[in-house]
2 protein chains.
Amino acid sequence: MPKPTLVDVGREAGVSAITVSRALRSPEKVSEALRAKVEIAVKKLGYVPNQSASTLASNKSSSIVVMVPSISNNVFTDVLGGISDALHGSRFNMQIGYTNYDSQEEERILRSFLNPTPSGVIISGLEQTDETRQMLENAGVPVVQIMDISPKPIDMIVGFSHDQAAETATQHLIDSGYKNIGFIGAQMDPRSLKRLAGFKKAISDNGELREQCIAVTNKPSNVRLGATLLDKLTSQFPECDAVFCNNDDLSVGVLFECQRRGIKVPDELGICGFNDLGISSETVPSITSVTTPLREIGRLAAAMVIGEEGAPSTPIVDLSYTISARESTKRV
Amino acid sequence: MPKPTLVDVGREAGVSAITVSRALRSPEKVSEALRAKVEIAVKKLGYVPNQSASTLASNKSSSIVVMVPSISNNVFTDVLGGISDALHGSRFNMQIGYTNYDSQEEERILRSFLNPTPSGVIISGLEQTDETRQMLENAGVPVVQIMDISPKPIDMIVGFSHDQAAETATQHLIDSGYKNIGFIGAQMDPRSLKRLAGFKKAISDNGELREQCIAVTNKPSNVRLGATLLDKLTSQFPECDAVFCNNDDLSVGVLFECQRRGIKVPDELGICGFNDLGISSETVPSITSVTTPLREIGRLAAAMVIGEEGAPSTPIVDLSYTISARESTKRV
DNA sequence: TTGCAAAATGATTGCGCAATCATTTATGAT
DNA sequence: ATCATAAATGATTGCGCAATCATTTTGCAA
């Protein structure tokens, strides 16, 4: 037997197809009696609506498009988890696009995802191409940019200031008594560059910034890279006594390398990470990190894009971050 | 201006709509001259095909449905990465469903994803409900089960034997000279239970299995839980001199707890993890783990489901695992 | 050149649904 | 009881595309 359609359900229930459609989409517009009959017929036939037909007829899809740079980065899995939570039980489903940190790829994927028009778009970062911004504006759908913050979002935005977070973290290292602080970074996307800028500002405000205190790479971040970059940093900046890491993969890698080389943390080297990915609080010693509201960003973005209760009333939501000071910066 | 349709493109190019459709879907059926004209018109108008209309008319969607228990588990992000890689550049896109380790939820989600019929389904594990299996068989689409192995898949399967992998790993601990080996496990889903069974078999084959050597929980796995479960294990099984962990979050947590409590690894306690999630090779000491072909599972599953070249010729693919012996089991 | 198959192109139709407008039925004030 | 109004239900239509079948053009052997 072929899949039942609205007409089949209508026949079974003794009503017209459109009444079935209404009974399912807006039950309050259909009398109690018919609604019950329709419900029984739906169950009996195992009717499942055809998404494509619905989308084609109404020219509205019930997808929320989510564009993220990568799936293997834990940062984004946390954000996706938040979105998934918020969407669970709603009539919306999530369509994920992986841009691989490439704006052109983002534009290409988004173009195909915007036809038919989804119910909303959640997109990472501020660095969309002009065409992408244009497309999004023309599409006339709610758009929420995430992860970063800006006074001029395409539509709405929820995130936090990477400059400030990094500046605060660096200041924490300075306040902890470290004098020669280095920066280690991988995957130097625009947000990473902002963190570097925040670091530089804090250093400059407290003395002199030397170029050799920075060791970065554009490779994707991982634990091993933390060790590699620490090697690089200590060879070009031997007096280094603390390091601020772009993210927690690196900070964990740095800690392990210190253990290997017998460098005492926090006394000989202070370590501060970023994003507080769950492992940094567990290492021995535990690693200071910047706790960022990743799941919350996802949850809020979803709420904002579907215009749910619980959504913030302003289009710009600057979430807070906190410095989780742990043993790796607790100098005696 | 409204979105251009095939008709618009056809008018622009001076051909009929169906020719445009053919030029895009099967260019070899259209003459060189028209194809070029169509291409220009498509570019000029910025035409993007309407997925819904295409799906409705052909009754085939170009989605590959992927059902996974969770997104926050690194195991599945690796698998998804493999699928994503394999699908990149093909005409297929990926539709992800999160079951949260719940077969009923899986059935519910899958039911909605099967209408319209996708091009294929990739689904984790063997524990589908009868209704789910029925649905999948009726749908008449290629189905690839992943992560586990079985002689009787719904359609195709690619994975490895969790029993055997765990048995081999446990044997490695025995061979390394450990006498009182414990098992630590979280998120005790069916595959975890198989690992436990493999552990038990190895222990029984080499002596006597005592119940107190097992410490498990159904909570989701994380690093901290490794510490908690080690506490539990050592209190109920004080003579324990090695531990096999269900996965690498736990093994890392166990190592850190040992560092906290001054337990020497590998001399006083041997540690073996599972899945080799990237961090276990970096810790100090590095942690022995069972390296499992997660990305490869994803890649192969995608190739099998879309029937691509490079796909295995048999419907059952039992991939190998390897024991990556590291410092945490290298007793002097 | 003729004839005929194969290739190229086009016209028509329906996929399943929701928007729109039309019709019927219930409700309630007088 | 009567009428006005609202609520409930139904009939028709078109969304954009691809399947199907019809027609035209091309290639090429005899």
Side-chain angles (χ1 to χ4, degrees), chain A residues 1-39 41-42 45-63 91 111-119, chain B residues 1-39 41-42 45-63 91 111-119:
Chain A
M1 57 181 172
K3 285 181 192 164
T5 69
L6 278 182
V7 175
D8 300 322
V9 177
R11 190 181 310 122
E12 177 72 26
V15 300
S16 72
I18 185 62
T19 299
V20 176
S21 172
R22 274 196 283 254
L24 297 174
R25 287 183 303 139
S26 31
E28 75 283 359
K29 290 185 181 168
V30 171
S31 69
E32 182 64 38
L34 288 196
R35 202 184 321 153
K37 275 205 267 183
V38 167
E39 212 164 290
V42 164
L45 298 181
Y47 170 75
V48 181
N50 183 318
Q51 243 345 109
S52 299
S54 168
T55 298
L56 182 60
S58 67
N59 195 28
K60 276 179 226 135
S61 96
S62 54
S63 293
R91 64 182 196 82
R111 194 179 300 280
S112 77
F113 280 8
L114 286 183
N115 195 1
T117 307
S119 292
Chain B
M1 58 182 171
K3 287 178 191 164
T5 69
L6 279 181
V7 175
D8 299 324
V9 177
R11 189 179 314 123
E12 178 72 27
V15 300
S16 72
I18 186 62
T19 299
V20 176
S21 172
R22 274 196 282 254
L24 297 175
R25 287 183 304 139
S26 30
E28 75 283 358
K29 291 185 180 168
V30 171
S31 69
E32 182 64 39
L34 288 197
R35 203 184 321 151
K37 275 204 267 182
V38 167
E39 212 164 289
V42 164
L45 298 182
Y47 170 76
V48 180
N50 183 317
Q51 241 349 107
S52 299
S54 167
T55 300
L56 182 61
S58 67
N59 194 29
K60 278 180 225 133
S61 98
S62 54
S63 293
R91 63 182 197 81
R111 194 180 300 280
S112 78
F113 280 9
L114 287 183
N115 196 1
T117 306
S119 292

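Naming convention: chains lettered A, B, ... in sequence-line order (proteins, then strands); numbering from 1 in each chain. What you are looking at is a predicted structure, and each value in this text was computed from that prediction instead of being measured. FYI, side chains are in, hydrogens and waters are out, and symmetry mates aren't considered; it's all heavy atoms of this structure.
Applying the salt bridge (Lys or Arg N to Asp or Glu O under 4.0 Å) criterion to A:Arg25, with sequence neighbours excluded, gives no partner residue.
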Listed pairs under 3.5 Å, donor-acceptor, residues 29-36 of chain A side chains, sequence neighbours left out:
{"residue": "A:Arg35", "atom": "NE", "partner": "A:Pro27", "partner atom": "O", "Å": "3.3"}
{"residue": "A:Arg35", "atom": "NH2", "partner": "A:Val30", "partner atom": "O", "Å": "3.1"}

Do any side-chain atoms of residues 46-56 of chain A form donor-acceptor pairs under 3.5 angstrom with protein atoms, and if so which ones, sequence neighbours left out?
{"residue": "A:Asn50", "atom": "OD1", "partner": "A:Ser52", "partner atom": "N", "Å": "2.8"}
{"residue": "A:Asn50", "atom": "OD1", "partner": "A:Ala53", "partner atom": "N", "Å": "3.0"}
{"residue": "A:Thr55", "atom": "OG1", "partner": "A:Gln51", "partner atom": "O", "Å": "2.9"}

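At distances below 3.5 Å, not a single donor-acceptor pair connects side-chain atoms of B:Ser26 with backbone N or O atoms of B:Glu28.
Of all non-hydrogen atoms in B:Thr5 and B:Asp8, the two that sit nearest each other are N-OD2, 2.8 Å. Closest approach of A:Ser61 to A:Pro118, counting heavy atoms only: OG-CA, 3.3 Å.
Scanning residues 12-30 of chain A for heavy-atom distances under 4.0 Å to DNA chain C yields A:Ile18, A:Ser21, A:Arg25. Listed in residue order, the members of residues 48-58 of chain B having a heavy atom less than 4.0 Å from DNA chain C are B:Leu56, B:Ala57.
The shortest side-chain heavy-atom distance between A:Val38 and A:Glu12 does not fall under the 4.5 Å cut-off. Between A:Arg111 and A:Asn115 the shortest side-chain heavy-atom distance does not fall below 4.5 Å. Between B:Glu39 and B:Val42 the shortest side-chain heavy-atom distance does not fall below 4.5 Å.
Interatomic distance, A:Leu6 CG to A:Arg22 CZ, rounded to the nearest 0.5 Å: 11.5 Å.
Once you apply a 4.0 Å limit to the heavy atoms of chain B, the touched nucleotides of DNA chain C run 5' to 3' over C:dA8 to C:dG16.
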